[in-house]
Amino acid sequence: SFLGLFPFTAPYLPWVLLAFSVLLGNPATIDIIGICVGHIYYFLEYVYPQIADLRGWRWRKLLITPAVVRHLCGQVPPGRGFGVGVVDAPLPPV
């Protein structure tokens, strides 16, 4: 629920925040850009790999986490690290 007044489910949170922001007099452009970027990310991370897998396309994962971020989060396998090219790095399971 938003401010304890309006119950809604999680998928509507960006739209509720957009409406609240507009009610407060703020421009809606930043919220709309955020919603668009969120939709693009969801498509590229979850929908596109499934479509590419079904059709047998070569590039199944377009968004690859940089090695620096994987290293900082402790997700780099031993022996692999910074200097590893995207072509040489194995793709994570989908």
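All figures in this text were calculated on a predicted structure; none of them were measured in a lab.
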For a quick test of reading the model, state the closest non-hydrogen atom pair linking Pro49 to Leu44 and the distance between them. CD-O, 3.4 Å
To the nearest 0.5 Å, atom CD1 of Ile30 lies from atom CD1 of Ile32 at 10.0 Å
Heavy atoms of Pro14 and Pro11 approach each other most closely as CD-O, 3.6 Å
Does the separation of the ring centres of Tyr46 and Tyr42 fall below 6.0 angstrom? yes
Spell out, yes or no, whether Leu23 and Leu17 are grouped together once hydrophobic residues are joined by side-chain heavy atoms under 4.5 Å, including indirect joins. no
Same cluster for Ile35 and Ile33 if Ile/Leu/Val/Met/Phe/Trp/Tyr side chains link at under 4.5 Å? no
First locate atom CG of Leu18, then atom CG of Leu13, and finally report the distance between them rounded to the nearest 0.5 Å. 11.0 Å
Say whether Val37 and Leu62 are linked into one hydrophobic cluster, either directly or through other cluster members, by side-chain heavy-atom distances under 4.5 angstrom. no
Residues Ser21 and Pro27: closest non-hydrogen pair is OG-O, 4.4 Å
Any heavy-atom pair between the side chains of Glu45 and Lys61 that's under 4.5 Å? yes
Does the side chain of Phe20 reach to within under 4.5 Å of the side chain of Trp15, using non-hydrogen atoms? no
Shared ILVMFWY cluster between Leu54 and Tyr48, side chains joined below 4.5 angstrom? no
